[in-house]
Asks: 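Here it is, the structure in full.
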Amino acid sequence: MSGDPIIVTGGAGFIGSHACKHLAAAGFLPVTVDNLSTGHADAVKWGPLEKLDVRDADALAAVIRKHGARSVMHFAAFAVVADSVHAPDLYYDNNVGGLAGVLAAMKATGVDRLVFSSSCASYGVPDTVPIDEETPQNPINPYGRTKFFGEHMIRDQAAAYGLRHVMLRYFNAAGADPEGELSERHDPETRLIPLALMAASGQGAPLKLFGTDYDTPDGTCIRDYIHVTDLAEAHLRALNHLLGGGDDLILNLGTGQGTSIRQVCDAIARVTGRDVPLVEAPRRAGDPPTLVADPSLARKRLGFAPRLSEIDRIVRDAAPHFGLMPKTHVDG
Ligand SMILES: NC(=O)c1ccc[n+]([C@@H]2O[C@H](COP(=O)([O-])OP(=O)(O)OC[C@H]3O[C@@H](n4cnc5c(N)ncnc54)[C@H](O)[C@@H]3O)[C@@H](O)[C@H]2O)c1
């Protein structure tokens, strides 16, 4: 294993592991720093795993020195909105405290390039869609606030110490490695497409439709799903932007296309031939009807455009991990 070492916190998790694969393919050496709280050691395949908690700034600084890394991608965080409402203390400790550890370790080692996982959850319930980066951030749950505060921590660190950064506000990460080497595995599973696939395969309960009376064409919530390998590509471009001396950026990562929950289920039926069993349930507090990105700034600044994020393609790549074989060919 060789190449310019990049510290990837959370590299054993869903998005971080896909980023590691992509970094390695581009000639970097991804050094995963992960405490395996929600990640999997067997997802770390393209570089070393340093098992530690990013809140331990001294241990993290020692790892940065050991590998001679000059850049960090910070994915490590808790990322389940509902859990953050029930245990906000754990979320602030892990997400804000974790970022504080990363920033302290970077300062101690003189490493000044950071790509940060922010979230569309930092916008809250926007007045208008699509959401561009100028949309006011009014997060409505503790998870979204940890990302909002994190962005401010990074800006303050940048102003004081010259930290160079790209903050990426992802919409809904979905899909899986097209070559089948990685997947989305959370326990318990909370994300829509895995839950829908588990329902369709009979491995899980019928999918709960939380709210069927939203002001959307079919009454269900609309989200902007972006393929995890497209996210990985955007991270690589963000890193190369910083390595090339580029300026600080805050960018949405989405497709600009909204897909309703019923449309996700239709895609699963189309691609796998299996219907998703559904039960209707009341709306959940704090679920905005529609969250769709205006993705134009990432295209303009990084030349980034999703290639794999059409919903049938996302389903095709995710389905085999839930025991469902795609029956149709999907281009892309
Ligand atoms: N999945 C999405 O749709 C989405 C959307 C927007 C933003 N994000 C952000 O992207 C990042 C990655 O999300 P994911 O879906 O891959 O989650 P994930 O849970 O699969 O991965 C997170 C990884 O971080 C590790 N980790 C957590 N706390 C740690 C700590 N204190 N020290 C060391 N390692 C720690 C976990 O073990 C895990 O491997 C998170 O920051 C999340 O908030 C995700």
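We're numbering straight along the sequence, starting at 1. Note that ligands are numbered from 1 as they come in the structure, with each ligand's atoms numbered from 1 the same way. What you see is a predicted model, and the numbers here were worked out from it, not measured in a lab.
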Asks: Using a 4.0 Å cutoff against the non-hydrogen atoms of A77, which atoms of ligand 1 qualify?
Replies: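 It comes down to these atoms of ligand 1: 22 (C), 24 (O), 27 (C), 28 (N), 40 (C), 41 (O).
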Asks: Starting from atom 23 (C) of ligand 1, what is the nearest protein heavy atom, named by residue and atom, and what distance separates them?
Replies: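 Result for atom 23 (C) of ligand 1: G10 CA, 3.6 Å.
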Asks: For atom 30 (C) of ligand 1, grab the closest protein heavy atom and report residue, atom and distance to one decimal in Å.
Replies: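 Nearest neighbour among protein heavy atoms for atom 30 (C) of ligand 1, to 0.1 Å: N35 ND2, 3.3 Å.
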Asks: Tell me, yes or no, whether the heavy-atom count around R283 atom CZ, taken from other residues, nucleotides or ligands under 6.0 Å, exceeds 12.
Replies: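 It does: R283 CZ has more than 12 such atoms within range.
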Asks: When you look for heavy atoms under 4.0 Å from ligand 1, do you find them on the side chain of L52, its backbone, both, or neither?
Replies: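 The answer is the backbone of L52.
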Asks: For ligand 1, note which part of R191 has a heavy atom under 4.0 Å away: side chain, backbone, both or neither.
Replies: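 Just the side chain.
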Asks: Whether the Y123 and N252 side chains hold a donor-acceptor pair (N or O, under 3.5 Å, no angle test) is what I'd like checked.
Replies: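 Distance-only check passes for Y123 and N252.
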Asks: Which residue owns the protein heavy atom closest to atom 32 (N) of ligand 1, what's the atom, and how far is it?
Replies: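 Closest protein heavy atom to atom 32 (N) of ligand 1: V54 N, 3.0 Å.
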Asks: Residue-level breakdown please: for H74 versus ligand 1, do any non-hydrogen atoms fall below 4.0 Å on the side chain, on the backbone, on both, or on neither?
Replies: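 The answer is neither.
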Asks: With a 4.5 Å heavy-atom cut-off, do V63 and H67 have their side chains touching?
Replies: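 With C-beta onward as the side chain, the pair touches.
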Asks: Any donor and acceptor pair, going by atom type alone, linking the side chain of E151 with main-chain N or O of F148 inside 3.5 Å?
Replies: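 Such a contact is absent between E151 side chain and F148 backbone.
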Asks: Can you tell me which portion of L36 lies within the under-4.0 Å heavy-atom range of ligand 1? Options are side chain, backbone, both, or neither.
Replies: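 Answer for L36: backbone.
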Asks: Looking only at distances, can you tell me whether any N or O atom of A173, backbone or side chain, sits closer than 3.5 Å to an N or O atom of ligand 1?
Replies: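 There is such a contact, yes.
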Asks: Would you tell me which option among Y170, F14, F78, Y225 has the nearest heavy-atom contact to atom 9 (C) of ligand 1?
Replies: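 Considering heavy atoms of Y170, F14, F78, Y225, the nearest to atom 9 (C) of ligand 1 sits in Y170.
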Asks: Below 3.5 Å, N or O to N or O, backbone or side chain included: is there any such pair between G13 and ligand 1?
Replies: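 N/O-N/O distance below 3.5 Å exists for this pair.
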Asks: Find out whether E184 and V228 are in side-chain contact, i.e. whether some heavy atom of one side chain is under 4.5 Å from a heavy atom of the other.
Replies: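 No, too far: nothing below the 4.5 Å cut-off.
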Asks: With under 30° as parallel and over 60° as perpendicular, where do the rings of F149 and Y92 fit, or are they tilted in between?
Replies: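 Aromatic pair F149/Y92 classed tilted.
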Asks: Does some side-chain heavy atom of P295 sit less than 4.5 Å from a side-chain heavy atom of T255?
Replies: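 In short, these two side chains do not touch, never coming nearer than 4.5 Å.
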Asks: If only atom types and distance count, is the side chain of Q137 paired as donor or acceptor with the main-chain N or O of P139 below 3.5 Å?
Replies: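 Side chain of Q137 to backbone of P139: no pair is present.
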Asks: Do me a favour and list the nearest non-hydrogen protein atom to atom 5 (C) of ligand 1 with residue, atom name and distance?
Replies: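 For this ligand atom, the closest protein heavy atom is F171 O, 3.4 Å.
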Asks: Between H74 and S117 (side chain of the first, backbone of the second, donor and acceptor by atom type, cut-off under 3.5 Å), is there such a pair?
Replies: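 No: the side chain of H74 does not pair with the backbone of S117.
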Asks: Has R237 got its NZ or CZ under 6.0 Å from the middle of the six-membered ring of F304, at an angle within 45 degrees of the ring axis?
Replies: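 No, R237 does not sit over the ring of F304.
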Asks: Donor-acceptor pair, H321 side chain versus A176 backbone, under 3.5 Å?
Replies: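 Absent.
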Asks: Out of all atoms in ligand 1, which are within 4.0 Å of some heavy atom of A79? Include the element for each.
Replies: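 Going through ligand 1 atom by atom, the ones under 4.0 Å from A79 are 42 (C), 43 (O).
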Asks: Counting distance only, does the side-chain N/O of D112 pair as donor-acceptor with the main-chain N or O of R164 below 3.5 Å?
Replies: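 Pair absent, no side-chain N/O of D112 close to backbone of R164.
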Asks: To which of Y91, F116, Y143 does the heavy atom nearest atom 43 (O) of ligand 1 belong?
Replies: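 Checking each option, the heavy atom nearest atom 43 (O) of ligand 1 is found in Y143.
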Asks: What is the nearest protein non-hydrogen atom to atom 39 (O) of ligand 1, stated with its residue, atom name and distance?
Replies: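 The closest one turns out to be D34 OD2, 2.5 Å.
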Asks: Which residue and atom name correspond to the protein heavy atom nearest atom 40 (C) of ligand 1, and how close is it?
Replies: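 Checked against all protein heavy atoms, atom 40 (C) of ligand 1 sits closest to F75 O, 3.1 Å.
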Asks: Suppose I only count heavy atoms of G39 and a 4.0 Å limit; which atoms of ligand 1 are within that range?
Replies: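 Selected atoms, number and element: 36 (C), 37 (O), 38 (C), 39 (O).
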Asks: Applying salt bridge (Lys or Arg N to Asp or Glu O under 4.0 Å) to R313 and D317, what does each step give before you reach the verdict?
Replies: CA-CA 6 Å; R313 175 63 199 250; D317 287 343; 2.9 Å; yes
Asks: Residue-level breakdown please: for S118 versus ligand 1, do any non-hydrogen atoms fall below 4.0 Å on the side chain, on the backbone, on both, or on neither?
Replies: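 The answer is the backbone.
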Asks: Does only the side chain of K147 get under 4.0 Å from ligand 1, or the backbone, or both, or neither? Count heavy atoms.
Replies: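 Side chain only; the backbone of K147 stays clear of ligand 1.
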Asks: I'd like to check which ligand 1 atoms, numbered from 1 as shown, lie under 4.0 Å from a non-hydrogen atom of S37.
Replies: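 Result: 26 (N), 27 (C), 28 (N), 36 (C), 37 (O).
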Asks: Give the atom numbers and elements of ligand 1 that come within less than 4.0 Å of a heavy atom of S117.
Replies: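 The atoms of ligand 1 under 4.0 Å from a heavy atom of S117 are 9 (C), 10 (O), 11 (C), 41 (O).
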Asks: Backbone or side chain, does any N or O of T38 fall under 3.5 Å from an N or O of ligand 1?
Replies: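 Checking ligand 1 against T38, an N or O pair does fall under 3.5 Å apart.
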Asks: Would you call the rings of Y91 and F78 parallel, tilted or perpendicular, where under 30° means parallel and over 60° means perpendicular?
Replies: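 Rings of Y91 and F78: tilted, 30 to 60°.
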Asks: Regarding ligand 1, does I15 bring an N or O atom to under 3.5 Å of one of the ligand's N or O atoms?
Replies: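 For ligand 1, there is an N or O atom that lies under 3.5 Å from one belonging to I15.
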Asks: Taking N or O atoms only and a 3.5 Å limit, does A76 qualify as a polar contact for ligand 1?
Replies: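 No, A76 has no N/O under 3.5 Å of an N/O on ligand 1.
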Asks: Counting N and O atoms only, with roles assigned by atom type, does the side chain of S71 sit under 3.5 Å from a partner on the main chain of R113, one being a donor and the other an acceptor?
Replies: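 Absent.
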Asks: Please determine whether any non-hydrogen atom of H186 lies less than 4.0 Å from an atom of ligand 1.
Replies: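 Judged by the 4.0 Å heavy-atom criterion, H186 does count as contacting ligand 1.
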Asks: May I ask you to identify the nearest protein heavy atom to atom 31 (N) of ligand 1, giving residue, atom name and distance to one decimal place in Å?
Replies: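 It is N94 OD1, 2.7 Å.
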